[in-house]
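All remarks here apply to the structure that follows.
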Amino acid sequence: MDIEATFLFIIEVVGTIAFAISGIRLAAYKNFDLFGAYTIGLVTATGGGTLRDVMLNLPVFWLCTPVYLAVTALSLLIVVIFRKMLVSHNRLLFTFDAIGLALFVVIGIQKTLAAGYPMWAAIVMGTITGSFGGVIRDILINEEPLFFRKDIYSTACVAGGLVYWLISIGGGSVMLQQSLCAATVILLRVCALKFNWALPVITYDIRKIPKQ
Amino acid sequence: MDIEATFLFIIEVVGTIAFAISGIRLAAYKNFDLFGAYTIGLVTATGGGTLRDVMLNLPVFWLCTPVYLAVTALSLLIVVIFRKMLVSHNRLLFTFDAIGLALFVVIGIQKTLAAGYPMWAAIVMGTITGSFGGVIRDILINEEPLFFRKDIYSTACVAGGLVYWLISIGGGSVMLQQSLCAATVILLRVCALKFNWALPVITYDIRKIPKQ
Amino acid sequence: MDIEATFLFIIEVVGTIAFAISGIRLAAYKNFDLFGAYTIGLVTATGGGTLRDVMLNLPVFWLCTPVYLAVTALSLLIVVIFRKMLVSHNRLLFTFDAIGLALFVVIGIQKTLAAGYPMWAAIVMGTITGSFGGVIRDILINEEPLFFRKDIYSTACVAGGLVYWLISIGGGSVMLQQSLCAATVILLRVCALKFNWALPVITYDIRKIPKQ
């Protein structure tokens, strides 16, 4: 099981770097200073997990080891040094991001189940772990969260969670649950990008919305 | 006492639906996708209580039962199916919203007192329970929170809390405290709408605010 | 040690007033109503410490005593009565703000260390205590947080934290650690204002940022 933990940790670091870079790039796009960019990177990478840990009343994961701060610093360095290269490697970044998302969902589900919560709460927490870092990032840079109107993103997290659930009902091993959950998330992200998949939009024919 | 609990639960569900619908309508107005609209509805209905539970270090209420997720799904269904009808029933929605607000305040006060906090903290938490779901909703859709510049809303929550306090000092029963607190909130909301009541605005004659 | 505690408490109140006033001024600038202005003042003064306490799983400090609510009310009164005078005393407000910031950093570091966390986590928490009240304020009034692109502010918090660390490594007393940490923060704030110090900005030559 130690090998699995090491494996998960490595992929978690990869995911953290991908998320941090995505945040730092947006910060650079908005001409933030280095400290601001670092903060945005950190929040993008850790915000979802922080919200999860606070709501589950668990110790906040990135306060238990300095690894996440260091990995974010590394990501900042990568953006500063390789920014020209990064611009033409959107596909690579997308792949990292999809892998990171998949693993964040798996980790969110596992931690929630380990804390004794039922499966439906774990799926919600997996989705929050995967997507709320980006939401908090968008709030901080004062953009409307993409979360709410773009291609399949959180929906991929929920779908991954449902696959996790189905396989656990079917009696599959934890390893199988994790792998197929992650595969579902990645597959849906790739398809969403390739085929422009999106959820239907909700519309509302209003003349005047009453104040709150 | 079981009848009271059932009664409170039913009204809480009504309030949750009203709050979720108010969020989903705004999301629809902004053309969010279905998942985004669902999330906004959930956050509007549960955000205040979540903030309260996290700050009081209590288990987050909507993670203890799937009822709130289901009720939000129901609200989404209502908006999708009945949106044309809803447009012309603003008054009905306002009534639901006022009842929901009143009950959220009562629940916030009760939970805070039950956790051993003093009355002033309970009034703050009642107000947060009632109004911060809407604040978080406005942050997520990147609107300036209405909270800060509109008719009596949070003020109604505080007033309800003060009535709760006065009656507890006067030796009234918990049932009486709850009922008059809720009645105060509803009455103030109705009056605010009817007579355009609002708090005075604060102004500040500045040439240049120093960059804090 | 009692004298030290009293001393810290007095300066904390001064810092709270300075932070609350900075929030209330911005609220006034945006024509919020009195309740909205009060809320913004409270959030500016207590938001950073609240985030710290929630993430460290400590009791939220301003729910332990009504002092912070009262001090914020006093700040609102000050702004309402003296607003004309305040406009021409930006320097005084800046001084208060710098002192408040310095002490918030010291308090954040101390509380984190006392909760058993390592020094690097304490520095992060000191910085959050000092600067996230302003970030949350900017989110609530729907402005892009100044945090991310202005003169040395959070950087001053981090520098103060590093000084705290160095002196603790060097075997200095807690009193010395606190004093030099606070002095560093204040000095850097004053220099940043006087000499227009700022961190380098990060730029990113993009044609199109991929929708994360």
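Naming: A, B, ... by sequence-line order, numbering from 1 per chain.
With a 4.5 angstrom heavy-atom cutoff, C:Leu58 does not touch chain B via any of its atoms. Interface remark: C:Leu69 contributes side-chain atoms only to the contact with chain B (heavy atom separation under 4.5 Å).
One finds the CG atom of B:Leu199 at 8.5 Å from the CZ atom of C:Phe35 (value rounded to the nearest 0.5 Å).
Pairing each heavy atom of B:Trp120 with each of C:Trp62, the nearest pair is CH2-O, 3.3 Å.
The local environment of OH in C:Tyr117 is crowded, with over 12 non-hydrogen atoms from other residues, nucleotides or ligands closer than 6.0 Å. Summarising the local packing, CZ of B:Phe61 is surrounded by more than 12 heavy atoms from other residues, nucleotides or ligands at distances under 6.0 Å.
A 4.5 Å side-chain heavy-atom check between C:Leu63 and B:Leu56 finds at least one atom pair inside the cut-off.
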Applying side-chain contact (heavy atoms from CB on, under 4.5 Å) to B:Tyr153 and C:Asp33, what does each step give before you reach the verdict? CA-CA 11 Å; B:Tyr153 195 86; C:Asp33 69 25; over 6 Å; no

